[in-house]
Amino acid sequence: MRNSRALAVSATAVAALGLAAPAAVAWDTPSNIVALPSVIARGGQLTVTVDGCPKGGTMTSNAFGTASLSPVHGANETSKGTATIKSNARPGAYDITVNCSGKTLTKPAAFTVIGGVRGGLGGSSSTGATPTDMAIGGALVAAAAVGGGLFWMRRRAEKQI
């Protein structure tokens, strides 16, 4: 009975050590790139966090060029940086490549740039009403006038009975 309990404790200790060893080895190279927000408009600021980058480094993307990563105090082996998306970046998914102490890691499709919307007067590109708009509006006014006239004539006829 004692041997089986000791064997179970030993097996648990070896399993815990075996699971912890790969995690400890992974910290000497960049291992995880997180870009927030994952969907961003042109001109917006993107925050990138990288695990396994204790001394900082650089990050690059076609959407923002090159930006620096700084170590995060209180978080072991983590660096963080902010980049501004170019105003002429095309909509679509973009990769981020991180360089930390000469070691690189690329995360494909790390974030998506969305196109801007046309602001102003409801996003319209013309000035004033078009002839089609005028025709539709006139037809609706005429239909309302005819319908209202018929309604009042019918009510008047009901009062005479």
task = Tell me, yes or no, whether the heavy-atom count around Asp133 atom CG, taken from other residues, nucleotides or ligands under 6.0 Å, exceeds 12.
result = yes
When rounded to the nearest 0.5 Å, the distance separating CD1 of Ile114 from CD1 of Ile85 is 11.0 Å
(Q) Whether the side chain of Asn32 engages the backbone of Val50 through a donor-acceptor N/O pair (distance < 3.5 Å, no angle test) should be reported. (A) no
All heavy atoms of Ala89 vs all of Ala63, minimum pair found to be CB-O, 4.3 Å
_Treating Lys107 as the side-chain partner and Ile33 as the backbone partner, does any N or O pair qualify as donor plus acceptor under 3.5 Å?_
yes
d(Arg42 CZ, Asn88 CG) to nearest 0.5 Å is 8.5 Å
* To do: Give a yes or no answer on whether the side chain of Thr47 reaches the backbone of Thr82 with a donor-acceptor pair at less than 3.5 Å.
  => no
- Going by heavy atoms in the side chains, are Pro30 and Lys103 under 4.5 Å from each other? yes
So the ring pair (Phe, Tyr, Trp, His ring centres under 6.0 Å) pairs with at least one residue in residues 62-107 (sequence neighbours excluded) are Tyr94-Phe111
So CG of Asp51 and NZ of Lys80: to nearest 0.5 Å the spacing works out to 12.0 Å
inquiry  = Using side-chain hydrogen bond (donor to acceptor under 3.5 Å, both in side chains), reason through Thr58 and Asn99 one step at a time and then give a plain yes or no.
reply    = CA-CA 5 Å; Thr58 60; Asn99 185 350; 4.7 Å; no
Measure from the side-chain N and O atoms of Thr112 to the backbone N and O of Val39, and report whether any donor-acceptor pair falls under 3.5 Å. no
From the list Val48, Leu105, Val34, side-chain contact (heavy atoms from CB on, under 4.5 Å) partner of Ile96 resolves to Val48
Closest non-hydrogen contact found for Gly52 with Ser31 is N-OG, 4.4 Å
Rounded to the nearest 0.5 Å, the OG1 atom of Thr106 sits from the CG atom of Asp95 at a distance of 7.0 Å
Nearest heavy-atom approach of Gly81 to Met59 is C-CE, 3.5 Å
Those residues at least two apart in sequence (or on a different chain) that pass side chain to side chain contact (heavy atoms under 4.5 Å, CB included) with Ser68 are none
Between Gly43 and Thr84 the two heavy atoms that sit nearest each other are O-CG2, 3.7 Å
